[in-house]
Amino acid sequence: MQTETAPPVNFIRQIVEEDLKSGKHQTVVTRFPPEPNGYLHIGHAKSIWLNFSLAQAFGGVCHLRMDDTNPLKEDAQYVESIKRDVQWLGFDWGTREFHAADYFQDFFDCAVKLIKLGRAYVCDLSADEVREYRGTLTEPGRPSPWRDRSVEENLDLFLGMRDGQFEDGSRTLRAKIDMASPNINLRDPAIYRIRKAHHHRAGDAWCIYPMYDYAHCISDSLEGITHSICTLEFENHRPLYDWFLDTLQLPVHPQQIEFSKLKLQYTMLGKRKLREMVTSGLVSGWDDPRMPTIAGIRRRGYTPESIRDLCEKVGVTKSEVWTELSYLAECLRHDLNTKAYRVMGVLRPLKVVLTNYPEGQIEELDAAYFPEDVGLHGSRKVPFGRELYIEQDDFMEDPPKKYFRLQPGGEVRLRRAYIIKCQEVIKDSQGRVVEVRCSYDPDTRSGSPGEHRKVKGTIHWVEASTSVPAEVRLFEELFTLEQPDNLKDGDYRDFINPNSLVVLPDSRLERSLAHSKVGERFQFERQGYFIKDQDSTVDKPVFNRIVPLKDGWAKLLQKQ
RNA sequence: UGCCCAGUAGCCAAGUGGUAAGGCAACGGUCUCUGAAUCCGUCAUUCGUAGGUUCGAUCCCUACCUGGGCAGCCA
């Protein structure tokens, strides 16, 4: 059992703590600001977790803000999926749902102020020309020929931009900062562009739209954000963030803090590629259980608790790191161990006939849903009879050393039932084992006085006639590349794991699973954790493997 | 090549001037009617490298190396 421990320290938490202690802030207000232009993935989950749990930890609040300042890329359909995903992760923004689009008038007013201050100007350069004037990483930029227009002219032109007098791309409003700055973000960045486009929220009210750097800091300020947490790639934007707020002299000046995003080995998180994988049919959709999207991992059966646990365990730093998948798997098993009913399911069935068991007889055996150490109770009856299925892997005609499952002449315990002994092996014309004939020892039934007779191995099974035919889907990582996002040259499609999806169409599950519900999670004993998938029908349930159990035998084999 | 950031074990990660927490993985053992879980143990003479400051440096300074970010009218 794990005891509650104090939340781990991290540098952001320390900053917040100090700000509270010093009186800089009385409370904490954070925000999660997704752009509604796609589906959230596990990388976003860390940001969600960080912002919400940080606020929570100090009795503050976290806003959900749609960062929707680009009408060309965003769509209302994503707003709903984002909200659903955040909720699923277990976080609640209450009434604090905001949209940058609702601040368009504020952004505009601030821009006018900037112009009046002489800190912004309308520039007539084309996009290509702006690029030329900007200079390079090593050479300073040159001032735009329009940089020194009068305040009056700028105001007039900017109003003209707003009123739709100019074509898309013909002019921009730019901040007047420093064309020679070694930080390219400060070389008179554009703050407004002309886009005669319909906005999913603001409709056709505007034909000029603000840029991220400009809109984001003002949004934060308007909402009274105390700590504006973002990922590392915005580090070079922080001077700009501060410049806008300082220059505009806004009363609230949040502190931008950057952290490194969550990256998992063998997992692709690039938005463009994820979209490509969906549209090209490489995966079945945004919610394909192999996808790292929140929708995908939800369908895969991952629990929100385990995702939060992972975020907490890997911590918050500025070092760019690739987390091993085993870490995630461990979080999953740790969570599921205390939640999932233990049941029996045979993935790859092999028929077993008990030659000395009465034909037509079915016994109902008691089967607890949890092992003792989990501390949870409840049980069901499992039918036992003359014909059973066991796992193909649990029988070997010519086993290696230390194999203690079923083998010719050998004994094994059927979990929660009897000890059986293999008497005969039946093969087809190709020499494959198709049936095993065994005798059972009637004195050894679990729960009876004879249960204490020991044999080396215990295997799982289902009774043939009452078992439920099912499809089971096994998943592995989608890519064979440890860092698929880092692929420099070459096509990521060349590194698809051929075993990322294995469908087992003829699995057999114990009777009790016939009445399970979509979304219910179970441990199929000795195999792993599974969730009932939405593709299930009345006749044929479909189960997704969430994560396998650790396999000490496989490890042993590897060493040999 | 300019600026910014990071570099503590196989993977994460604390420590930030007084002599290297913790987790994952691995390994050994315990237990077991799940080869799971549990439980117990082992696992950095050393913190990217080289200098310097100091009685003392993972921590401060300098240089270098490695990795990442930045030249959208994307976010």
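To find a chain, count down the sequence lines: A is the first, B the second, and so on, and within it residues start at 1.
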For this session: Could you classify B:G72 for me, syn or anti, using a glycosidic angle within 90° of 0 as syn?
Result: syn

Exercise. Considering residues at least two apart in sequence or located in another chain, which fulfil the salt bridge (Lys or Arg N to Asp or Glu O under 4.0 Å) criterion with A:Arg119?
Worked result: none

For this session: Give one of base, sugar-phosphate or nothing for A:Val412, where a contact means two heavy atoms less than 4.0 Å apart.
Result: nothing

Seminar exercise, completed: For B:U38, the nucleotide meeting Watson-Crick or G-U wobble distances (both under 3.5 Å) is none

Which atom pairs, donor and acceptor, lie under 3.5 Å between side-chain atoms of residues 42-50 of chain A and protein residues at least two apart or in another chain?
unit_1  : atom_1 : unit_2   : atom_2 : d
A:His44 : ND1    : A:His41  : N      : 2.9
A:Lys46 : NZ     : A:Gly315 : O      : 2.7

For this session: For A:Met211 and B:G72, give me the distance from atom CE to atom P, rounded to whole Å.
Result: 10 Å

Exercise. B:U34, B:A13, B:G35: which one has an atom nearest the side-chain heavy atoms of A:Asp551?
Worked result: B:G35

Exercise. In chain order, what residues pass the side-chain contact (heavy atoms from CB on, under 4.5 Å) check against A:Pro145, with sequence neighbours excluded?
Worked result: A:Leu125, A:Tyr133

Problem set entry | Pairing partner (Watson-Crick or G-U wobble, both distances under 3.5 angstrom) of B:C24 | B:G10

Exercise. Can you list the residues that meet the ring-ring contact (aromatic ring centres under 6.0 Å, His included) rule with A:Tyr418, with sequence neighbours excluded?
Worked result: A:Phe384, A:Tyr440

Problem set entry | Value in whole Å for how far the C1' atom of B:U34 lies from NZ of A:Lys456 | 16 Å

For this session: Assign A:Gln527 to base, sugar-phosphate, or nothing according to its heavy-atom contacts below 4.0 angstrom with the strands shown.
Result: nothing

Exercise. Under 6.0 Å between ring centres, would you say that holds for A:Phe108 and A:Phe158?
Worked result: yes

For this session: Using whole Å, report how far CG of A:Asp168 lies from C1' of B:C73.
Result: 10 Å

Exercise. Mind checking who B:U49 pairs with, Watson-Crick or G-U wobble, both distances under 3.5 Å?
Worked result: B:A63

Show me the donor-acceptor pairs within less than 3.5 Å that the side chains of residues 319-332 of chain A make with the rest of the protein, sequence neighbours left out.
unit_1   : atom_1 : unit_2   : atom_2 : d
A:Ser319 : OG     : A:Thr317 : OG1    : 3.0
A:Glu320 : OE1    : A:Lys263 : NZ     : 3.4

Exercise. Considering residues at least two apart in sequence or located in another chain, which fulfil the salt bridge (Lys or Arg N to Asp or Glu O under 4.0 Å) criterion with A:Glu17?
Worked result: none

For this session: Decide yes or no on salt bridge (Lys or Arg N to Asp or Glu O under 4.0 Å) for A:Arg416 and A:Glu510, but give the supporting numbers first.
Result: CA-CA 13 Å; A:Arg416 302 193 248 256; A:Glu510 68 166 69; 5.5 Å; no

Exercise. Distance check: side-chain N/O of A:Arg342 vs OP1/OP2 of B:A36, anything under 4.0 Å?
Worked result: no

Problem set entry | B:U34 base / A:Gln523 side chain donor-acceptor hit below 3.5 Å | yes

For this session: Determine whether the aromatic ring centres of A:Tyr529 and A:Phe522 lie less than 6.0 Å apart.
Result: no

For this session: With sequence neighbours excluded, tell me which residues meet salt bridge (Lys or Arg N to Asp or Glu O under 4.0 Å) with A:Asp213.
Result: none

For this session: Can you figure out which of B:C73, B:G35, B:A36 approaches the side chain of A:Leu549 most closely?
Result: B:A36

Exercise. Under 4.0 angstrom, heavy atoms only, what part of the nucleic acid is A:Glu167 near: base, sugar-phosphate, or nothing?
Worked result: nothing

Exercise. When the distance from CG of A:Asn337 to C1' of B:U32 is rounded to whole Å, what number comes out?
Worked result: 14 Å

Seminar exercise, completed: Taken in chain and number order and not counting sequence neighbours, the residues that satisfy salt bridge (Lys or Arg N to Asp or Glu O under 4.0 Å) with A:Arg171 are A:Asp124

Problem set entry | pi-stack flag for A:Tyr212 and B:A75, centroid dist under 5.5 Å, interplanar under 30° | no

For this session: Could you state the atom-to-atom distance from NZ of A:Lys401 to C1' of B:G35 in whole Å?
Result: 18 Å

For this session: Pick the C1' atom in B:U42 and in B:C4, then give their distance to the nearest Å.
Result: 42 Å

Exercise. For A:Asn37 and B:A75, what is the distance between atoms CG and C1' respectively, to the nearest whole Å?
Worked result: 8 Å

For this session: With a 4.0 Å heavy-atom cut-off, tell me which residues in residues 119-130 of chain A come close to RNA chain B, sorted by residue number.
Result: A:Leu125, A:Ser126, A:Ala127

Problem set entry | B:A50 versus B:C65 - spacing of their P atoms, nearest Å | 15 Å

Which protein N or O atoms sit under 3.5 Å from an N or O of nucleotides 24-28 of chain B?
unit_1 : atom_1 : unit_2   : atom_2 : d
B:C24  : O2'    : A:Ser326 : OG     : 3.3
B:A25  : OP1    : A:Glu330 : OE1    : 3.4
B:A25  : OP1    : A:Lys550 : NZ     : 3.2
B:A26  : OP1    : A:Lys555 : NZ     : 3.2
B:G28  : OP2    : A:Lys559 : NZ     : 3.4

For this session: Take atom C1' in B:A21 and the same atom in B:U8, then report the distance between them in whole Å.
Result: 12 Å

For this session: With a 3.5 angstrom cut-off on both distances, give the Watson-Crick or G-U wobble partner of B:G2, or none if there isn't one.
Result: B:C70

For this session: Tell me what A:Arg174 touches on the nucleic acid: a base, only sugar-phosphate, or nothing, going by heavy atoms under 4.0 Å.
Result: nothing

For this session: Just call it for A:Phe11: base, sugar-phosphate, or nothing, with non-hydrogen atoms closer than 4.0 Å on any strand.
Result: nothing

Problem set entry | Separation of the P atoms in B:G22 and B:C39, to the nearest angstrom | 16 Å

Problem set entry | A:Tyr241-A:His237 aromatic ring centre distance below 6.0 Å | no

For this session: Take atom P in B:U58 and the same atom in B:A9, then report the distance between them in whole Å.
Result: 15 Å

For this session: Summarise protein proximity over nucleotides 57-71 of chain B in one line of letters, 5' to 3': B for base, S for sugar-phosphate only, - for none, counting protein heavy atoms closer than 4.0 Å.
Result: -----------SBBB

For this session: Using atom CG of A:Leu173 as one end and atom C1' of B:G72 as the other, report the distance to the nearest whole Å.
Result: 17 Å

Problem set entry | B:C60 versus B:G17 - spacing of their C1' atoms, nearest Å | 8 Å

Exercise. Would A:Tyr192 and A:Tyr214 count as a close aromatic pair, with their ring centres under 6.0 Å?
Worked result: yes

Exercise. Which part of the nucleic acid, if any, lies within reach of A:Leu556 when heavy atoms closer than 4.0 Å are counted: base, sugar-phosphate only, or nothing?
Worked result: base

Exercise. Within this structure, what is the CZ-to-P distance between A:Arg238 and B:A6, rounded to whole angstrom?
Worked result: 10 Å

For this session: Please list all pairs passing the salt bridge (Lys or Arg N to Asp or Glu O under 4.0 Å) test where one or both residues lie in residues 175-186 of chain A, with sequence neighbours left out.
Result: A:Asp148-A:Lys176

Exercise. With sugar-phosphate meaning primed atoms plus P, OP1 and OP2, does A:Tyr209 contact a base, only sugar-phosphate, or nothing at under 4.0 Å between heavy atoms?
Worked result: nothing

